[in-house]
Amino acid sequence: MDALLTALAASLSWQSVLATFFGSLVGLIFGAIPGLTYSMALAMVLPITFTMGHTPAIAMLLGTYIGGMTGGAVSAILIGVPGTPSAAATVLDGEIMGKQGKASLAIGIATIAGCIGGILSLIVMLVSVDALARVAISFGPAEITALVVFGLSTICGLAGGSLVKGLIGGVIGLMLMNIGQDPIDGVPRFTFGSTAMLQGVDLLVAMIGLFAVPHVVTVFATYWRGKEMKIDPGHVRTELPSWRLLLAQRWNFLRSAAIGTVVGAIPGTGGPIAAFLAYDQAKRWSGHPETFGKGEVSGVVAPEASNHAVTGGAMIPLIGLGIPGDPATAIILGGLLIHGIQPGPLLFMEKPDVISSIYLLFVLSYIITALIQLFGVRLFVKALRVPPHLLALGILVMCVIGSFAIRNSLFDVGVMSLVGFLAYWLIKGGIPVTPILLGLVLGPTLEREARTALIMSEGSPTVFVESYTALLFWGLALLILLSQVVTMVRERNGKASKATT
Amino acid sequence: MSSIRSTATPLRLFGSAAAAALLIAVPLGTARAEFPDKTIEMTTLFGGPAQTTSQVLADLMSKNIGQPVITVSRPGGGGAIGYTYVQSAPADGYSIVFSSNSISTVYYQGNLPFNYTALAPIAHIGMEVPVLAVRADSGWKDLKSMQAAAKASGKKLRVGVSGLGTFTHLASAALFNRLGLQVVYIPYGEGRAPAELLGGRVDAALQWSSQFAPHVKAGTINVLCMTSKDKVDLAIETVTCDSAGATGLDLTIWRGIHAPKDTPPAAIARLEASIKQAVESAEFKKAGENLGFTPLFKSAKDFGKLVADNDKEIGELMTELGINKKK
């Protein structure tokens with residue numbers, strides 16, 4: 001109790017609140033701009049924390065992390081370009097809601113879903129950090145391979161009209177990620193002897209190309225033909241979600257947060273898988289799956305609740321074992337270490353006040369981030385009053401800056417443009433971009449984990465089916481695939497019988 | 001050129017005036033202004049604790065050199081991207097790289113068209129000494145008991161390393177060859193060593209001591225030895241592998257600063273002095289303790305010799321392992 005009170009006093013000091021506010025704001029801005037990520041925001045604020053006391057330092061790092069996760073949804077909804085890969089699933093329904101004039105409602109619900117998802121994950125962390133950390137380390141390369149294949153199976157649900165076109169998209173994504181240095185032996189692949197090509201295709205660079213470039217090209221093309229939509233200023237209302245709307249989503253909140261927390265706790269996975277799995281599940285459990293992809297509120301709630309729950313989930317191995325699961329938590333770990341805080345099992349015994357302040361600051365970050373977002377909504381939606389072709393110009397500039405900034409590499413700007421024009425033609429050909437993104441996100445993990453598993457077993461493929469966890473995920477993936485095939489066959493038969501009668 | 005000709009007359013006048021002013025100012029400027037008179041950019045190659053160390057160093061250098069020193073991350077290609085960038089940057093002292101043995105490993109892997117001689121050494125900053133860790137419930141308390149148990153079982157040991165061809169792989173190979181043990185190397189990336197060990201998927205792992213520290217204190221992981229020949233202060237008290245049975249083993253990661261090859265000696269000297277002051281400060285020592293890094297300043301000359309010796313050793317080791325593409 002003493003530890004909690006000391007932590008409470010330290011966490012709610014003006015320095016900590018100010019640090020959280022600053023962190024959240026920086027995170028939100030970095031998160032909202034495609035190409036600037038919360039990992040970059042964290043690396044940027046880290047040196048500022050060197051001279052601070054440890055509580056404000058933790059406050060600033062957590063604020064940045066959480067603000068960055070939340071910011072991703074803003075651009076996903078307003079301009080249809082996810083600010084971070086974790087917000088890619090939010091585009092599916094969020095962008096449509098934005099086009100229907102419900103942008104503020106969508107941002108509002110995304111913010112609240114994120115806040116609830118994050119705090120639910122914290123509660124899970126509070127009660128079961130030991131148990132979940134143990135579950136997390138039981139995931140070896142073979143189990144993660146199975147989980148990733150389960151994640152890939154969501155392509156079925158995302159493919160829309162044609163499963164074949166969805167699969168083509170997924171394979172294009174997987175293929176793109178083969179360029180560059182191979183993750184195991186360091187052998188250059190498809191680099192044609194060029195050092196620049198060793199970098200390969202960066203996920204974020206490709207994501208910007210996939211989502212932003214086709215959007216910009218389409219807007220310019222419509223403008224050229226003189227068919228640009230007139231903006232009706234009254235069309236952009238600021239409307240926040242009602243209690244009734246939120247209450248109706250309670251199961252979606254719980255289910256998505258649970259998926260996010262578990263996926264977040266497993267090192268080497270992360271936000272995008274969690275968001276897509278949650279979206280897919282929300283659609284499957286929904287009474288009206290046909291409304292998904294057409295501006296369905298549940299389609300915004302699920303990915304946002306889930307990717308925010310990842311923040312709490314990722315803290316579990318970080319705090320419980322000192323193991324960072326992704327680049328962002330690795331930077332947070334660096335920030336903790338430099339202040340003499342070594343996360344791990346002993347931290348709970350040696351410095352319970354630090355643990356308590358991490359929990360409190362986590363909640364504080366969510367509250368402050370949500371407040372900034374809800375107040376900011378009025379400002380954000382003003383972006384929609386800008387004529388689309390001017391907005392597209394702004395987006396284009398941001399894309400170039402963003403794709404350069406990720407690795408300070410001009411090569412990446414070229415990759416972004418190339419992937420973008422490829423995506424434009426693919427969309428014209430009816431191939432959806434979301435499965436491509438899923439391939440991009442999951443490809444490197446799939447390859448690294450599957451190959452590591454095979455090295456461990458000295459080449460024997462039975463390693464993939466030796467544990468119950470792996471079998472569970474293989475089973476789930478198979479189930480989704482089968483149910484998709486059954487639905488397709490039924491639809492075809494239905495059409496055929498209609499045609500004959 | 002045509003664009004300049006087509007500009008309006010007043011602008012052109014202004015342009016030539018400015019050019020004239022520059023012509024006068026430049027020689028004066030170089031005579032007066034001392035290095036550095038603008039921001040120095042330190043390229044970093046990897047994330048994780050090494051990146052944090054570089055940020056602390058840049059921060060301390062900014063305070064004593066009179067200009068900001070900023071870190072810019074250029075990851076990818078096992079370090080090849082960042083080294084290539086700095087090697088082709090102007091040799092004026094404003095582009096430096098936070099380097100390590102990776103310049104040798106990535107060269108011998110065949111992914112870097114030049115080796116360490118294409119860069120000018122500025123200063124040695126410190127070293128990282130990996131340690132060999134095993135699960136506590138294996139019952140192995142020292143190198144000898146692990147060796148005996150592994151030989152008795154007749155099975156290959158599964159040893160976790162950061163990646164094939166990386167430094168931890170080379171150091172493990174040197175260690176286990178000396179012990180005469182059959183080993184499968186599992187590459188799983190930097191931060192996952194404790195998880196893979198505790199999860200029972202590898203029998204031993206060679207990694208930085210700071211990762212294992214909380215688990216050693218909690219009694220779930222035993223650290224058997226460190227790979228340097230001389231004992232250094234680490235987060236965990238342990239003996240050297242050399243004394244524990246792997247006679248002659250001496251492999252550590254060096255970290256330092258390099259610049260493009262033809263950087264003027266005056267700039268190198270100024271940077272060297274700034275780094276010396278930063279590395280020998282109490283703040284850097286403290287950061288080193290917390291991050292599992294042993295600060296140790298060495299002059300440009302000594303550092304250059306160390307890099308050359310180490311490069312030779314790494315080349316030989318990689319030939320022995322059959323992964324040297326430059327032979």
Side-chain angles (χ1 to χ4, degrees), chain A residues 39-40 43 46-47 50-51 134 136-142 180-181 183-188 193 195-200 202 267-268 317 321-325 327 329-331 333-335 337-347 349-350 407-409 411 448-449 451-452 455-456 458, chain B residues 43 47-49 51-53 55-56 58-59 71-78 80-81 84-85 105-106 109-113 156 158 163-166 184-192 194-196 198-202 210-211 213-215 217-218 220 235 283 286-287 289-292 323:
Chain A
S39 303
M40 283 161 78
L46 182 60
F50 287 166
T51 50
R134 230 169 291 138
I137 57 169
S138 75
F139 270 77
Q181 207 177 20
I184 303 282
D185 300 309
V187 173
T195 308
M197 294 279 284
L198 273 181
Q199 295 172 90
D202 186 89
L321 298 168
I323 297 167
T329 41
I331 298 170
L333 176 64
L337 288 176
I338 201 94
H339 284 94
I341 299 164
Q342 169 75 64
L346 285 188
L347 191 61
M349 284 170 258
E350 286 172 355
R407 296 189 291 196
N408 299 294
S409 153
F411 169 77
R448 197 183 56 235
E449 301 298 331
R451 286 181 64 187
T452 309
I455 291 173
M456 266 186 185
E458 293 180 58
Chain B
T43 295
Q51 193 183 6
T52 314
T53 310
Q55 285 182 315
V56 176
D59 206 38
T71 60
V72 177
S73 164
R74 294 192 171 85
I81 301 301
T84 308
Y85 176 86
T105 49
V106 76
Q109 273 185 316
N111 289 335
L112 197 62
K156 286 183 184 169
R158 296 202 280 192
L164 299 181
T166 62
V184 188
Y185 294 105
I186 321 274
Y188 50 66
E190 297 261 309
R192 268 169 68 185
E196 297 297 296
L198 292 173
R201 289 179 293 274
V202 295
S210 57
Q211 289 184 20
H215 305 285
K217 283 185 202 145
T220 48
E283 288 109 307
K286 181 96 184 85
E289 271 169 26
N290 287 336
L291 295 167
I323 51 176

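Here is the naming used below: chain letters follow the sequence lines, and residue numbers restart at 1 for every chain. Hydrogens, waters and symmetry mates play no part in the numbers below; they use all other heavy atoms, side chains included.
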Return the [atom1] to [atom2] distance between [X] and [Y], rounded to the nearest 0.5 Å.
X       : Y       : atom1 : atom2 : result
L333(A) : T52(B)  : CG    : OG1   : 8.0 Å
Q342(A) : S210(B) : CD    : OG    : 6.5 Å
I455(A) : L164(B) : CD1   : CG    : 5.5 Å
E458(A) : K156(B) : CD    : NZ    : 4.5 Å
L337(A) : E289(B) : CG    : CD    : 13.0 Å

If one checks every heavy atom of S138(A) against chain B at 4.5 Å, the contacting part turns out to be backbone
Part of F139(A) within contact of chain B (heavy atom distance under 4.5 Å): backbone
For chain A, which of [options] has the most heavy-atom pairs under 4.5 Å?
options                           : value
L198(B), N111(B), T84(B), D59(B)  : N111(B)
E283(B), Q51(B), K286(B), K217(B) : K217(B)
V72(B), T43(B), V202(B), T71(B)   : V72(B)

Quick check: closest heavy atoms across [X] and [Y], and the distance to 0.1 Å?
X       : Y       : answer
G334(A) : L291(B) : O-CD2, 4.2 Å
A287(B) : I338(A) : CB-CD1, 3.7 Å
P343(A) : P214(B) : O-CG, 3.6 Å
L46(A)  : Q55(B)  : CD2-OE1, 3.2 Å

Keeping the roles fixed (side chain from H215(B), backbone from G322(A)), state whether a donor-acceptor pair exists under 3.5 Å. no
Test item: R158(B) side-chain N/O and M456(A) main-chain N/O as donor-acceptor pair under 3.5 Å: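 At least one qualifying donor-acceptor pair exists.
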If you tally heavy-atom pairs under 4.5 Å against chain B, which of R134(A), H339(A), R451(A), Q199(A) wins?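 Looking at each option in turn, the highest pair count goes to Q199(A).
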Can you tell which of S39(A), A330(A), P141(A) has the highest number of heavy-atom pairs within less than 4.5 Å of chain B?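 Going by pairs under 4.5 Å, I would pick P141(A).
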The interface call for Y185(B) against chain A, heavy-atom contacts under 4.5 Å, is backbone
